[in-house]
**Q** 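Take a look at the following structure, please.
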Amino acid sequence: MTLPLTSAPHTAAGPAPAHVFDWLDEAAELRADAGLTRRLRSRRAEDQVLDLAGNDYLGLTRHPVVTRAAGEAALRWGGGATGSRLVTGTTALHTELEQELAEFCGVEAALVFSSGYTANLAALTALTDPDTLIVSDAYNHASLIDGCRLARADVHRAAHSDPAAVAEVLAGRTQRRALVVTDSVFSVDGDAAPLPGLSGAARAHGAALLVDDAHGLGVLGPGGRGALAAAGLAGQPDTVATVTLSKSLGSQGGAVLGPRRVIRHLTETARTFIFDTGLAPAAAGAALAALRLLRAEPQRADRAREVARTLAARLTAAGLRACEPDAAVVSVRAPGPEAAVTWAADCLRAGLAVGCFRPPSVPDGISRLRLTARGDLTDAQIADAVRTIADLAPAGARGVGVVRAIVPEAG
């Protein structure tokens, strides 16, 4: 969207103070005309709403073991980390969490950040330089896109999930180093990246592979160990993963996983690690407790995938255009952005929270409802959710068959 040019009244000293932000009102009007207004909605702890909008894939956010661990960590360590990880912000909990994350995911080392966003920014900016080519999937998450923008490297936007296109770009590179960047599971339609093919393309041309496994950890791989484990790439010397602690692990924060020398380099050079306050101890304690629950109950990952498949199948049977899930994300196509907003709002009034994805948040320009399949959902809750979505579907939402993501042209 092009921002408006505002002609504000000027004085001899420049624009009048009351008018310097007039252009924001014009920009808001443009967004409203395009159906792209966004508003915050506070929710209460006691809300009786079935949540299929959040990313609590394993249903651990309110698990008593997780919440108790968060409380105990806050009581013991305080409400915050008090400083950056390199000054005072590394507690014994952070170290323990990193060790157990690395062991669980089958990598040499891990480094915990305050969010998955900052973990992605760190990996992309610290592992590249002006003599690096980044090949980034066209559907990558905003945090990866922002990391590419902040990196000093040359960036090529490759066609979605296309190892051959990646290989072609790498074959013609002139830069000394190269990094292939992809989500493991794309957050809009829930389709999984072809990691073996991408790894093969990267290795054939001497490139490293960076995988954002935010939507794979806890859902994919044996016991929920993630997409790299599922693809047989965990622990490989040329592969790095980033994860979030705010989805399957029901807490907050993120981490980079990979070879020990990569983690050492990030510790010493990544700006979002060096200059950011460490993850709050309560969040570290909660994530550690959730990780241990997953290790003790690996069937939680299987159940999350089962719920996703069931949701997609039943929504499709109801005539809606649901995407076939590779992990725990299910999307349902809407006729347009305004219809998607109305549909989601109607569902919420009926007691069901669903995500609403519209441009510019979707790379293909198609509006949709986005459902996250929680492993703790009962069969009755699944049936109620499908019934609500189908009954409230707007005109034009119904189609035939399961659909997949529309692949845009690279550019």
Side-chain angles (χ1 to χ4, degrees), residues 1-3 27 30-41 52-55 57 116-117 120 136-149 155 157-162 165 181-193 212 214-216 244 247 308 311-312 315-316 320-348 353-373 389 392-399 401-411:
M1 178 182 295
T2 302
L3 295 177
L30 290 174
R31 291 194 298 272
D33 290 342
L36 300 178
T37 297
R38 286 166 166 78
R39 293 183 177 89
L40 293 173
R41 183 186 69 86
L52 295 188
N55 295 309
Y57 293 132
Y117 214 110
N120 275 339
S136 177
D137 189 283
Y139 276 24
N140 275 344
H141 186 263
S143 58
L144 293 177
I145 294 171
D146 287 351
C148 289
R149 290 170 175 169
V155 180
R157 183 172 178 262
H160 178 53
S161 289
D162 190 342
V181 182
T182 183
D183 281 315
S184 65
V185 176
F186 295 90
S187 61
V188 174
D189 272 335
D191 55 314
D212 180 353
H215 297 277
T244 178
K247 294 180 173 59
L311 281 169
L315 289 166
T316 301
L320 298 172
R321 304 188 70 212
C323 283
E324 182 180 351
D326 288 331
V329 174
V330 179
S331 75
V332 186
R333 298 290 173 87
E338 292 184 3
V341 172
T342 301
W343 196 2
D346 289 344
C347 286
L348 185 59
V354 297
C356 176
F357 279 29
R358 302 165 287 158
S361 299
V362 288
D364 56 11
I366 297 174
S367 298
R368 46 187 40 93
L369 298 188
R370 177 184 177 274
L371 318 177
T372 49
I389 294 167
L392 298 174
R398 284 179 162 79
V402 176
V403 295
R404 297 303 307 208
I406 296 176
V407 181
E409 293 296 323

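Everything numeric here is computed off the predicted structure, so don't read it as measured data. Start at 1 with the first residue, then count along the sequence.
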**Q** If I compare all heavy atoms of P335 with all of A395, which pair ends up nearest, and what's the gap?
**A** CG-O, 3.2 Å
**Q** Heavy-atom distance under 4.5 Å between the side chains of R149 and V155, does that happen here?
**A** no
**Q** Is there a side-chain contact between I389 and L371 in this structure, where contact means two heavy atoms from C-beta onward sitting under 4.5 Å apart?
**A** yes
**Q** How many angstroms lie between atom CG of L348 and atom CG of L392, to the nearest 0.5 angstrom?
**A** 11.0 Å
**Q** Heavy-atom distance under 4.5 Å between the side chains of D146 and Y117, does that happen here?
**A** yes
**Q** Determine whether R368 and V332 make a side-chain contact, defined as any pair of heavy atoms from C-beta on separated by less than 4.5 Å.
**A** no
**Q** Quick one: pull up OG1 in T372 and CG in N55 and give me the separation to the nearest 0.5 Å.
**A** 5.5 Å
**Q** I'd like to know if the side chain of R333 and the backbone of C323 have a donor-acceptor N/O pair within less than 3.5 Å.
**A** no
**Q** Does any non-hydrogen side-chain atom of D137 lie less than 4.5 Å from one of V181?
**A** no
**Q** For the residue pair L369 and F357, establish whether any side-chain heavy-atom pair is separated by less than 4.5 Å.
**A** no
**Q** Less than 4.5 Å apart, side chain to side chain, heavy atoms only: is that true for V329 and Y57?
**A** yes
**Q** Please tell me whether S331 and D189 have a donor and an acceptor in their side chains that are separated by less than 3.5 angstrom.
**A** yes
**Q** For D212 versus S143, what's the shortest heavy-atom pair and its separation?
**A** OD2-OG, 4.2 Å
**Q** Restricting to non-hydrogen atoms, name the atom on L315 and the atom on A322 that form the minimum distance, rounded to 0.1 Å.
**A** CB-CB, 4.1 Å
**Q** Mind listing the closest non-hydrogen atom pair of D326 and D191 along with its distance?
**A** OD2-CA, 3.4 Å
**Q** When you measure from the side chain of R358 to the backbone N and O of C356, does any donor-acceptor pair fall under 3.5 Å?
**A** no
**Q** Has the side chain of D183 got a donor or acceptor atom that lies under 3.5 Å from a matching backbone atom of H141?
**A** yes
**Q** Is there side-chain contact between T342 and P394, with heavy atoms separated by less than 4.5 Å?
**A** no
**Q** Do you know the tightest heavy-atom contact between V354 and A53?
**A** C-CB, 3.5 Å
**Q** When rounded to the nearest 0.5 angstrom, what is the spacing between CG in N140 and SG in C148?
**A** 7.0 Å
**Q** Grab the two heavy atoms, one from A393 and one from L320, that are nearest each other, plus how far apart they are.
**A** CB-CD2, 3.8 Å
